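Below is one structure, written out as structure tokens; the observations come after it.
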Amino acid sequence: MFTGIVQAVGRVAETAALKTVVDIGDAWPGDPVALGESVAVQGVCLTAATTGRSITFDLSEETLRRTTLAQLGKGAEVNLERAMRPSDRFGGHIVQGHVDRVGTVLAVEDRKGWWEFVFDAGLGGGRYLVDKGSVCVDGVSLTVVEPDGDVFRVAVVPHTFEVTTLGRRQAGDKVNIEFDVLAKHVEHLLAYRPAGSATER
């Protein structure tokens, strides 16, 4: 599990059909990523198949189909977050690294002290968007502002703009979106509510 607080920005060193190699440099000196450890790469939970300054991650066809990873070529920057420990501070929100869909950046506006991003979450995504609720974009925990159907806004402060890949996003770019897992569970539970249950009487 992750929290959407990006810890480092890596760079894609190599790509292959079902693999990607990410150069993490000295992201975690003294506490190297272990073999088999989960790392969120651009918001996607992946398993380390090798360790060191460059880490190899195996990719499934489902991952390539549901995320932007297939579009990232050599040299592309990626947000990185290691799985949280039970004792860690919960700085963002519950993030699984299970991307729901690829969204689109509609606009990026410099508000002189912060940046306003406008995203299209894709058809039907609006049902998971709540004003002041949480959403994860490219592995970054963000607060939803004024959702309008499948379109929503977020305010990005200078620190987040500078230390994540959001600072390089432009209108038209594709992004990984993970909706709040709590909203998805509630939807699923309500869909399977038995006929004649107490709530229907």
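Quick caveat: nothing in here was measured; it's all calculated off a predicted structure.
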For residues [X] and [Y], determine if any side-chain heavy atom of one lies less than 4.5 Å from a side-chain heavy atom of the other.
X      : Y      : answer
Arg168 : Val9   : yes
Val102 : Asn176 : yes
Leu69  : Leu46  : yes
Val154 : Val156 : yes
Thr3   : Val95  : no

So, [X] and [Y], do they make that salt bridge, N to O below 4.0 Å?
X      : Y      : answer
Asp100 : Lys184 : yes
Arg85  : Asp31  : yes
Arg11  : Asp23  : no
Arg127 : Asp150 : no
Arg65  : Glu61  : no

Can you check whether [Y]'s main-chain N or O pairs, donor with acceptor, with [X]'s side chain at less than 3.5 Å?
X      : Y      : value
Arg101 : Leu123 : yes
Thr67  : Thr63  : yes
Glu81  : Phe2   : no

For residues Gln42 and Asp138, is any side-chain donor paired with an opposing acceptor at under 3.5 Å?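 The criterion, which ignores hydrogens and geometry beyond distance, is satisfied for Asp138 and Gln42.
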No-hydrogen, no-angle side-chain donor-acceptor test under 3.5 Å, Asp120 and Thr104: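 The answer is no; no qualifying pair exists.
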Separation of His93 NE2 from Asp180 CG (nearest 0.5 Å):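 Between Asp180 CG and His93 NE2, I get 5.5 Å after rounding to 0.5 Å.
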Gap separating the CG atom of Asp131 from the CG atom of Asp148, nearest 0.5 angstrom: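 Between Asp131 CG and Asp148 CG, I get 11.5 Å after rounding to 0.5 Å.
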[X] [atom1]: over 12 foreign heavy atoms closer than 6.0 Å:
X      : atom1 : result
Glu37  : CD    : yes
Arg169 : CZ    : yes
Leu189 : CG    : yes
Glu14  : CD    : no

